[in-house]
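Below, chain A is the first sequence line, B the second, and so on; all start at residue 1. Every value quoted in this text rests on a predicted model; they were computed, and no experiment measured them.
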2 protein chains.
Amino acid sequence: MPSNSDLKKAGLKTTLPRLKILRILENSSVRHMTAEDVYKTLLDSGEEIGLATVYRVLTQFETARLVIRHNFEGGRSVFELNDEGHHDHIVCSECGEVFEFCDRTIEERQRWVSDQAGFVLDGHSLYLYGACEGMRKSGKCSINKRKLPTILSKAGRD
Amino acid sequence: MPSNSDLKKAGLKTTLPRLKILRILENSSVRHMTAEDVYKTLLDSGEEIGLATVYRVLTQFETARLVIRHNFEGGRSVFELNDEGHHDHIVCSECGEVFEFCDRTIEERQRWVSDQAGFVLDGHSLYLYGACEGMRKSGKCSINKRKLPTILSKAGRD
DNA sequence: ATCGTTATTGCGAATAATTATCAGTGACGT
DNA sequence: ACGTCACTGATAATTATTCGCAATAACGAT
């Protein structure tokens, strides 16, 4: 879990807005948030922080690798705390719920493909889209929104 | 390669704007184009087609599965003719060049992961980012921009 | 602790990409 | 050839995000 000292390490002053935004990302029940989500959460807590600041800070956090930015379908950015190891995402197109997973076979194979192509791999983004069980059966998403399950393949995380 | 009759099949009238946009996607030397790219190409050819129409038509083409929409980093959509089989992309972060590939192992594994998560998969996006051979060695990209190489794993395409 | 420098913030305006509105036009079945 | 209705073009509207700038607050030096 990123801490205050990570801000300094990244050359960022430890200001109140940055600390508050970091805390929201850490404590939110929703793991993937848009800038607007963060902003609204701040407003609900009675904090006085401008939307532009939220955008700025999130971008700084991304540069400092404290958060990861995703561009899911639809184009708008969502941010996720970079606290656990690397993982990919499977998103329900119906209800928008997000599963996380990390599959060693896929990870290895990506490197193999890069080698074949003469590339030195330095990042990737993988998003699977589909309909989750809950939406298919009952039309209601059954996923516990609080704790996202992580599927790790036999070999564990990368 | 999509043809005029594919428009009818998709329930779209074969109008001049649609045919022209389709032709541009087929004949362009650049495989991945933004709506703006298509619009400018039209203007350069002296065609009188509104930007809004380009957006509309591209979205219709996407729905009809004549084109594929990608959301690369940065958020703006790029469109690609859906003429060959499915493939993923490996992008050089240095020179922006795009390789295409299709790896059966990854494809299969994605389906496996979806099953585990209780999802019915219906799409995915996979982008690998790295440095291509040419950029690492000579600082110049050696990839022939016209014809993108396709790496197919042993089993051939999906 | 106080002070000064300089990064940071908040606000509102600006931009970029895309979508909506709507009156006029053209494709297509009859 | 005709009438209907999907389609188009121009423009306004939206959405997401960034910019510009004056006011403010961190943090090191005194």
Taking five pairs at each end, how big is the angle between the two axes of the helix from C:dA1-D:dT30 to C:dT30-D:dA1, to 10°?
40°
In plain terms, say whether B:R31 and B:E100 are close enough for a salt bridge, that is, a side-chain N and a carboxylate O under 4.0 Å apart.
yes
Do side-chain atoms of A:D37 reach the backbone of A:T34 as a donor and acceptor pair under 3.5 angstrom?
yes
Kindly indicate whether the side chain of B:F79, heavy atoms from C-beta on, has any atom under 4.5 Å from the side chain of B:V38.
no
Rounded to whole angstroms, how far apart are CD on B:E36 and C1' on C:dT19?
15 Å
Nearest to the side chain of B:R76, which nucleotide is it out of C:dT18, C:dG10, D:dC27?
C:dT18
Quick one: on DNA chain C, does B:K8 or B:T34 contact a more 5' nucleotide (nearest heavy atom)?
B:T34
For a quick check of understanding: with a heavy-atom distance under 4.0 Å over all strands, which category does B:T14 fall into, base, sugar-phosphate or nothing?
sugar-phosphate
Main-chain N/O of A:L121 paired with A:R111 side-chain donor or acceptor, under 3.5 Å:
no
When the distance from CZ of A:R18 to C1' of C:dG10 is rounded to whole Å, what number comes out?
14 Å
The side chain of B:K13 is closest to which nucleotide in this list: D:dA6, D:dC27, D:dA16?
D:dA6
Expected output is a numbered-order residue list: members of residues 51-63 of chain A with a heavy atom under 4.0 Å from any atom of DNA chain D. What is it?
A:L51, A:A52, A:Y55, A:R56
Do the side-chain N or O atoms of A:S77 get closer than 4.0 angstrom to the phosphate oxygens (OP1, OP2) of D:dT17?
yes
Output the rounded distance in Å from CD (A:E47) to C1' (C:dT9).
14 Å
Classify the angle between the aromatic ring planes of B:H89 and B:H32 as parallel (below 30°), tilted (30 to 60°) or perpendicular (above 60°).
perpendicular
Looking for any heavy atom pair under 4.0 Å, which part of the strands does B:E48 touch: base, sugar-phosphate only, or nothing?
sugar-phosphate
Calculate the interatomic distance between A:L42 atom CG and C:dC11 atom P; express it in whole Å.
13 Å
Over how many whole Å does the gap from B:K20 atom NZ to D:dC7 atom P extend?
17 Å
Could you tell me how far apart A:L16 (CG) and D:dA26 (C1') are, to the nearest whole angstrom?
11 Å
Which residue, B:Y39 or A:L12, contacts DNA chain D at a nucleotide closer to its 5' end, judged by nearest heavy atom?
B:Y39
For B:S114 and B:Q110, indicate whether the former's side chain and the latter's backbone hold a donor-acceptor pair under 3.5 Å.
yes
Rounded to the nearest Å, what distance is computed from the CG atom of residue A:L7 to the C1' atom of nucleotide D:dA25?
16 Å
Would the distance check show the side chain of A:R69 and the main-chain N or O of A:L58 forming a donor-acceptor pair, the cut-off being under 3.5 Å?
no
Could you state the atom-to-atom distance from CG of A:N71 to C1' of C:dA16 in whole Å?
15 Å
